[in-house]
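Report on the following structure.
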Amino acid sequence: MMLKERLAAEIPLWRERVRKLVKENGHVKVGEVNISQVYGGMRDVKGLVTDISYVDPVDGIRFRGYTIPELLEKLPKPEGAEMPYAGGLYYLFLIGALPSLEDAEEVEREWKARQAVPNYVFDIIRAMPPDTHPMTLFTQAVLALQSGSIFSTQYHHGLKKDEYWIPTLEDSLNLTAKLPTIATYIYRWKYKHGYFIPSNPDLDWGGNFAHMMGIPEEEYKDLSRLYFLLHSDHESGNVSAHATHLVGSSLADVYYATSSGLSGLAGPLHGLANQECLAWLLQVYNVYQGVPDREELRQFAWETLDSGRVIPGYGHAVLRKTDPRFTAQLEFGMKHMDTDDIFLLAKLVYEVVPDVLRDQGKAKDPWPNVDAISGSLQYHYGIKEFDFYTVMFGVSRALGVTANAVWARALSQPIERPKSLTTAMLEDIASKA
Ligand code: NMX
Ligand code: MLT
């Protein structure tokens with residue numbers, strides 16, 4: 001397999017690079033931690049490492065050093081498509097260099113060969129009460145695949161530590177290959193009377209997802225490719241990436257680790273914010289029987305804040321500027337749906353809400369994040385079941401967390417175990433400061 005060969009060439013160089021850095025500079029301080037940070041969700045504490053992506057507070061995400069506009073231009077695309085292959089992005093994550101068209105298509109071929117989902121996974125989904133949240137079904141399905149973990153089997157047969165990454169790569173490809181089928185099965189089972197649309201072998205991973213969703217518009221394939229690129233990775237400290245890494249650090253395999261990350265993604269302050277965001281937009285739309293004017297919108301935003309709720313889709317733990325993932329979706333919307341009311345409302349919110357949040361003075365970042373607009377684009381193509389949106393986020397996020405899992409094994413990252421203190425100890429530290 002090409003990915004395995006290229007990784008086998010890269011990994012020794014990285015091992016040496018990290019070994020040398022730690023041996024010669026292990027004592028060098030990276031930062032300090034204060035009491036606010038200990039109580040404040042470890043914000044800005046520099047305690048994790050990943051080379052796959054980095055979030056600059058102002059410029060936003062870079063994947064392997066490339067900005068989103070750069071990737072949209074440079075990554076290979078299926079013939080006639082506006083947006084790139086997810087397979088090329090996964091290659092970039094794993095190998096660290098831009099793929100050729102052939103490289104991207106080879107990852108896509110790997111996925112096709114591994115996409116069959118065992119029937120018992122569908123049985124598990126169907127056995128659940130129909131009102132189960134799609135994220136619960138999705139997380140369960142990922143966990144249910146665990147019995148097929150190659151890493152787990154080989155580990156129990158005495159796998160050597162420097163080979164851990166090899167079955168982790170196998171597990172990662174096997175898992176990610178199956179996610180479009182699992183996600184769309186959940187969608188069709190829950191919302192379309194169980195009429196499941198079989199995979200189309202001629203389509204790429206992202207395009208096939210769009211096809212299996214049953215959305216007829218050709219451009220929805222491009223929206224899916226874009227969506228999967230944008231949500232894939234956001235450095236290592238976000239809840240889904242960090243939860244995946246933490247669980248994986250115990251040598252739990254990629255299935256256990258990813259399902260933990262997906263459980264974290266299901267929280268309303270993280271991935272679930274996209275469904276909350278669309279719910280908020282629709283609430284505005286219903287109250288004003290259409291797109292309100294700026295003053296009405298400002299008033300509505302204040303009412304939300306005054307009732308002690310957050311404005312979903314706005315603010316970020318790291319970003320201090322409009323999220324470039326928001327901008328990429330805004331541009332897609334301007335091109336494909338610039339007369340759609342809900343999209344126009346999301347755009348108006350962008351023009352009004354940052355000032356409201358600034359006036360309130362609480363949020364450190366008054367700007368929109370990725371979730372502020374994603375739902376309105378899905379809604380335009382008829383995906384009105386917004387409980388489902390976080391599943392799409394999860395399909396995408398699995399690309400980032402599994403690529404990180406391969407590298408965590410390659411670099412023998414140890415079990416994660418930070419130190420905790422008691423309040424009395426912190427009071428004592430404070431009294432001596
Ligand atoms: N609306 C109202 N208040 C806000 C918002 C917002 N959108 N964002 C932050 N605040 C408040 C926050 O609740 C906190 O209040 P308090 O002191 O009363 O606890 C205060 O501002 C300071 O919070 P920050 O330090 O700016 O934000 P933090 O890093 O703690 O949290 C988020 C980041 C993203 C959780 C927060 O901005 C938020 O809740 N946003 C809305 C939900 C959302 O969009 N989540 C999606 C994140 C992206 N994703 O893909 O996961
Ligand atoms: C993400 O994509 O994970 C979110 O923007 C949250 C974060 O980075 O903290």
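Inspection of the S100 and D103 side chains reveals an N or O donor paired with an N or O acceptor under 3.5 Å. Judged purely by distance below 3.5 Å, without hydrogens or angles, the side chains of E219 and Y381 pair a donor atom with an acceptor atom. For the 3.5 Å distance criterion, the side chains of Q146 and D253 qualify, holding a donor opposite an acceptor. With no hydrogens or angles considered, no side-chain donor-acceptor pair links E217 and H380 at under 3.5 Å. Side chain to side chain, T322 and Y350 meet the donor-acceptor criterion of an N or O pair below 3.5 Å.
Annotation for K77: atom NZ counts as buried by contact number, over 12 foreign heavy atoms lying within 6.0 Å. E16 CD: more than 12 foreign heavy atoms inside a 6.0 Å radius. Crowding of Y285 atom OH: a count of heavy atoms from other residues, nucleotides or ligands under 6.0 Å exceeding 12. For M42, the CE atom sits in a loose shell: 12 or fewer heavy atoms of surrounding residues, nucleotides or ligands are nearer than 6.0 Å. Counting non-hydrogen atoms of other residues, nucleotides and ligands closer than 6.0 Å to CZ of R19 gives a total above 12.
Listed here is the closest heavy atom pair of G313 and C277: CA-SG, 4.0 Å. Here the shortest heavy-atom pairing between P84 and P78 reads C-CD, 4.2 Å. T390 and L265 make their closest contact through CG2-O, 3.5 Å (heavy atoms, listed as atom of the first residue, atom of the second, distance). Summarising the geometry of F228 relative to L89, their closest heavy-atom pair is O-CD2, 4.3 Å, with the distance given to 0.1 Å.
With respect to W407, the ring pair (Phe, Tyr, Trp, His ring centres under 6.0 Å) criterion is satisfied by exactly one of W165, W14, Y164: W14.
In this structure, the side chain of R15 engages the main chain of A410 through a donor-acceptor pair within 3.5 Å. Proximity of a side-chain donor or acceptor of S53 to a complementary backbone N or O of F63 within less than 3.5 Å is not detected. The closest donor-acceptor contact from the side chain of K112 to the backbone of A177 lies at 3.5 Å or more, if one exists at all. A donor-acceptor contact shorter than 3.5 Å links the side chain of R64 to the backbone of L92. Under a 3.5 Å cut-off, the side chain of D171 and the backbone N or O of F151 do form a donor-acceptor pair. Not one N or O on the side chain of S259 forms a donor-acceptor pair closer than 3.5 Å with the backbone of L143. Side-chain atoms of E108 come within 3.5 Å of backbone N or O of G87 as a donor-acceptor pair. With Q329 contributing its side chain and R325 its backbone, the two residues share a donor-acceptor pair below 3.5 Å. Side chain of N25 to main chain of V28: no donor-acceptor pair is present (N/O by atom type, distance under 3.5 Å, no hydrogens or angles).
Between K190 and D387 there is no salt bridge, since no side-chain N of the basic residue sits under 4.0 Å from a carboxylate O of the acidic one. With respect to K192 and E385, a salt bridge is recorded, a charged nitrogen being found less than 4.0 Å from a carboxylate O. The pair E70-K74 does not meet the salt-bridge criterion, since no charged nitrogen lies less than 4.0 angstrom from a carboxylate oxygen. Note on R6 versus E10: no salt bridge recorded, every NZ/NE/NH1/NH2 to OD/OE distance being 4.0 Å or above.
Looking at M83 and L229, their side chains never come closer than 4.5 Å, going by heavy atoms from C-beta outward. By the 4.5 Å heavy-atom criterion applied to side chains, I215 and L223 are not counted as neighbours. Counting heavy atoms from C-beta on, the side chains of I342 and L278 come closer than 4.5 Å. Counting heavy atoms from C-beta outward, H316 and H234 have side chains that approach closer than 4.5 Å. Between P167 and L159, the closest side-chain pair of non-hydrogen atoms falls below 4.5 Å. Using a 4.5 Å heavy-atom cutoff, the side chains of P134 and Y191 are in contact. Side chains of R397 and T244 form no contact here, defined as non-hydrogen atoms less than 4.5 Å apart. Counting heavy atoms from C-beta outward, P366 and V353 have side chains that stay 4.5 Å or more apart.
Between F300 and W280, the gap from one ring centroid to the other is short of 6.0 Å. Between H270 and H242, the distance separating the two ring centers is not shorter than 6.0 angstrom.
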Would you sort out whether F138 and L179 count as a side chain to side chain contact (heavy atoms under 4.5 Å, CB included), showing the intermediate values?
CA-CA 9 Å; F138 189 53; L179 295 180; 3.9 Å; yes
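Here the straight-line distance linking atom OH of Y39 with atom CG of L426 works out to 5.5 Å at 0.5 Å rounding.
The aromatic rings of H231 and Y227 sit parallel to each other, their planes meeting at less than 30°, with 60° as the upper class boundary.
Remark: W111 pairs with Y90, W205 by the ring pair (Phe, Tyr, Trp, His ring centres under 6.0 Å) rule, at least two apart or across chains. Every residue meeting the side chain to side chain contact (heavy atoms under 4.5 Å, CB included) condition with E351, not counting sequence neighbours, appears here in chain and number order: R294, K347, L348.
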